[in-house]
Asker: 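I am attaching a structure below and will ask some questions about it afterwards.
Note that this is a predicted model, so its numbers are computed, not measured.
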There are 2 protein chains.
Amino acid sequence: MSDSDTSVVSRLRKLIGEGAFRQGERLGEVAVAEQLGVSRTPVRLAFRTLEQEGLLQRAGKRGFRVREFTEADVLCAVEVRGALEGLAARRLAEQGMSSALTAELEFWIQKGRDLLAKGHLEEQDVEVWSELNRHFHENIVGSAGSSVIGDAIARNNHLPFAAADSIIIDSEALDREYRKLQLAQVQHELVVQALRHGEGARAEMLMREHALIGLRYAELLDVGRHSPSG
Amino acid sequence: MSDSDTSVVSRLRKLIGEGAFRQGERLGEVAVAEQLGVSRTPVRLAFRTLEQEGLLQRAGKRGFRVREFTEADVLCAVEVRGALEGLAARRLAEQGMSSALTAELEFWIQKGRDLLAKGHLEEQDVEVWSELNRHFHENIVGSAGSSVIGDAIARNNHLPFAAADSIIIDSEALDREYRKLQLAQVQHELVVQALRHGEGARAEMLMREHALIGLRYAELLDVGRHSPSG
DNA sequence: AATTGTTATTTTGGATCCAAAGTAGATATC
DNA sequence: GATATCTACTTTGGATCCAAAATAACAATT
């Protein structure tokens with residue numbers, strides 16, 4: 001039993017995310033089974049899961065193929081997350097935050113302040129940020145009064161580029177990443193501010209904008225460094 | 001081959017939607033297989049699909065149980081659809097509509113006008129409305145530039161109460177349903193108006209409000225009929 | 001009497017076998 | 001030469017068998 005099935009799912013998820021298969025490539029059950037060293041059964045089960053996650057598509061009446069993603073798909077997936085997290089934030093602002101939740105959010109906010117306090121970013125800080133960022137988002141989404149929103153976000157996050165913690169990649173340019181995280185921190189603090197004051201619309205819009213930080217802010221943050229054309 | 005697998009999935013989906021199983025009831029593979037008259041294999045495949053759809057949940061390390069839905073879940077699922085359809089509408093307004101799409105939407109709008117022109121609702125009108133309503137929504141969501149939004153909506157719609165065409169139920173009170181459809185028609189027309197003028201924010205909000213028509217408008221439409229307390 | 005350890009039963013995961021459906025290729029006929 | 005039909009091969013769906021894991025029940029010991 002164990003999680004051999006989950007393992008096949010996650011192994012395939014990883015392979016697809018890494019681009020081990022061509023976009024649109026047809027995946028045969030036997031071929032994948034041999035490649036992973038298991039029988040057809042767990043592969044068949046995994047295909048159904050991955051189909052629902054959106055990583056595979058049915059190829060006509062026979063088999064599955066690797067889902068193809070365009071630039072527009074990536075942007076859309078990020079906007080979807082923004083819309084859903086924004087919805088969660090608005091609901092949370094409208095229903096009011098418990099003091100426990102307020103404290104929890106403040107805790108992770110403070111972690112962020114501490115991280116950025118030293119004025120620059122180091123390698124090991126990346127994981128710390130990823131951790132606190134995840135907790136921040138999960139606390140908001142998880143407190144929206146229903147797991148439905150969180151489920152929708154989780155399904156969307158199966159698209160490898162849509163997840164909230166896929167912000168950090170470039171550990172070569174730590175100074176640029178530092179400024180990005182500074183901005184993200186400000187956005188986090190503003191969201192909490194709006195939530196505390198019950199400002200639903202503002203919380204929603206801030207959260208939605210915050211989702212775009214991984215996409216649209218790169219060139220902005222390079223202004224004054226490399227190309228001052230921005 | 002055929003769609004025996006799909007059949008098991010949809011049969012189970014139907015059974016769950018009808019409440020054939022208790023909320024939170026554990027489903028064993030053998031029991032369900034016997035009940036449906038198939039072997040364990042298609043049931044195992046179906047469980048994975050239904051888990052991703054959110055109708056089943058993993059029960060610890062062993063088996064699945066029927067997902068429990070609260071009132072808050074229902075409201076949230078509808079709001080999620082509103083948020084996603086709103087996102088699609090805003091994107092569509094911002095990118096501009098093709099003349100073909102405009103014509104298509106106008107066509108279904110006109111169908112709605114025709115349906116409501118005679119001043120009352122009949123039994124067979126329900127299916128006609130369901131058809132045009134579906135086309136209206138699918139055209140907007142399908143033209144948002146990426147299938148990601150549509151996929152997210154489709155996954156959300158697997159929750160039996162969240163789908164857009166679950167508006168109509170009460171064929172006993174056709175006069176109330178008529179007024180509801182009148183309102184829906186106006187909302188459809190306003191959405192198209194906003195889309196044509198490139199009013200993204202307005203299109204988004206109209207679409208979002210439109211999603212709530214099945215939930216929050218019942219008492220409103222009863223005003224002046226049964227209980228004038230609204 | 002309570003707790004722990006062992007055993008038995010239940011249930012799921014994985015592998016293999018068979019059947020059915022689809023696709024492709026070849027042959028025959030027009 | 002083109003098209004249509006038939007056949008062979010590929011691939012997936014369903015059933016069954018076996019193994020492993022988890023739960024439950026029972027017994028033994030403290």
Side-chain angles (χ1 to χ4, degrees), chain A residues 1-17 20-68 151 154-155 158, chain B residues 1-17 20-68 151 154-155 158:
Chain A
M1 197 180 288
S2 74
D3 53 348
S4 307
D5 166 63
T6 306
S7 167
V8 169
V9 171
S10 54
R11 281 168 73 190
L12 271 177
R13 210 186 276 139
K14 190 158 173 282
L15 282 173
I16 294 172
F21 307 106
R22 292 189 310 279
Q23 301 259 81
E25 178 178 350
R26 249 198 83 218
L27 292 187
E29 295 178 356
V30 276
V32 172
E34 285 174 8
Q35 186 175 345
L36 297 180
V38 294
S39 85
R40 272 181 58 216
T41 307
V43 174
R44 287 174 69 185
L45 293 170
F47 276 11
R48 300 312 190 285
T49 298
L50 294 171
E51 180 201 10
Q52 290 297 318
E53 290 184 359
L55 291 174
L56 294 183
Q57 280 180 321
R58 281 215 131 84
K61 306 214 169 188
R62 195 145 110 186
F64 296 86
R65 64 163 160 264
V66 179
R67 166 76 180 275
E68 314 184 60
D151 290 346
R155 285 193 291 260
H158 285 131
Chain B
M1 195 182 289
S2 74
D3 53 349
S4 308
D5 166 62
T6 305
S7 167
V8 170
V9 171
S10 54
R11 281 168 73 189
L12 272 176
R13 209 185 275 140
K14 190 157 172 282
L15 283 173
I16 294 172
F21 307 105
R22 291 189 310 278
Q23 301 259 80
E25 178 178 349
R26 250 197 82 216
L27 292 188
E29 295 179 355
V30 277
V32 172
E34 284 173 8
Q35 186 175 345
L36 296 180
V38 293
S39 85
R40 271 182 59 216
T41 308
V43 174
R44 289 174 69 185
L45 294 169
F47 277 10
R48 301 311 190 286
T49 298
L50 294 171
E51 180 201 9
Q52 290 297 318
E53 290 184 359
L55 292 174
L56 295 183
Q57 280 180 321
R58 282 217 131 84
K61 306 214 171 188
R62 197 146 104 184
F64 296 86
R65 63 163 163 263
V66 179
R67 166 76 179 274
E68 314 186 59
D151 290 347
R155 286 193 290 260
H158 285 131

Asker: Give each protein N/O atom lying under 3.5 Å from an N/O atom of nucleotides 15-17 of chain D, with the pair distance.
Answerer:
from: D:dA15; atom 1: OP2; to: B:Ser39; atom 2: N; distance (Å): 2.5
from: D:dA15; atom 1: OP2; to: B:Ser39; atom 2: OG; distance (Å): 2.5
from: D:dA15; atom 1: O5'; to: B:Ser39; atom 2: OG; distance (Å): 3.3
from: D:dA15; atom 1: N7; to: B:Thr41; atom 2: OG1; distance (Å): 2.6

Asker: Using the ring-ring contact (aromatic ring centres under 6.0 Å, His included) rule, collect all pairs that involve residues 45-65 of chain B, keeping only residues at least two apart or in two chains.
Answerer: B:Phe47-B:Phe64

Asker: Provide, to the nearest angstrom, the distance between the CD atom belonging to B:Glu29 and the C1' atom belonging to D:dG14.
Answerer: 14 Å

Asker: How long is the line joining NZ of A:Lys61 and P of C:dA20, in whole Å?
Answerer: 18 Å

Asker: How would you list, by chain and number, every residue that makes a salt bridge (Lys or Arg N to Asp or Glu O under 4.0 Å) with A:Arg13, sequence neighbours excluded?
Answerer: A:Glu53

Asker: Going by the rule salt bridge (Lys or Arg N to Asp or Glu O under 4.0 Å), which residues pair with A:Arg44 if we only count those two or more places apart in sequence or in a different chain?
Answerer: none

Asker: In this structure, how many angstroms lie between the P atom of C:dG14 and the CG atom of B:Leu45, rounded?
Answerer: 12 Å

Asker: Between P on C:dG13 and CD on B:Glu51, what's the gap in Å once rounded to a whole number?
Answerer: 10 Å

Asker: Rounded off to whole Å, could you give me the CZ-to-P distance for the A:Phe47 and D:dT12 pair?
Answerer: 8 Å

Asker: Kindly write out the residues that satisfy side-chain hydrogen bond (donor to acceptor under 3.5 Å, both in side chains) with B:Gln52, not counting sequence neighbours, or none if the list is empty.
Answerer: none

Asker: How many Å lie between CZ on A:Arg62 and P on C:dA21, as a whole number?
Answerer: 13 Å

Asker: Nearest whole Å is fine: how far is C:dG13 P from B:Arg58 CZ?
Answerer: 6 Å

Asker: Under the salt bridge (Lys or Arg N to Asp or Glu O under 4.0 Å) test, which residues partner B:Arg40, sequence neighbours left out?
Answerer: B:Glu29

Asker: Mind calculating the distance between CZ (B:Arg48) and P (C:dG13) to the nearest angstrom?
Answerer: 5 Å

Asker: Could you work out which one of D:dT12, C:dT11, C:dG13 sits closest to the side chain of B:Arg26?
Answerer: C:dT11

Asker: When all nucleic acid strands are considered with a 4.0 Å heavy-atom cut-off, which category describes A:Gly63: base, sugar-phosphate, or nothing?
Answerer: sugar-phosphate

Asker: Can a donor-acceptor pair be found, under 3.5 Å and without considering hydrogens, that links the side chain of A:Arg26 to the backbone of A:Ala59?
Answerer: no

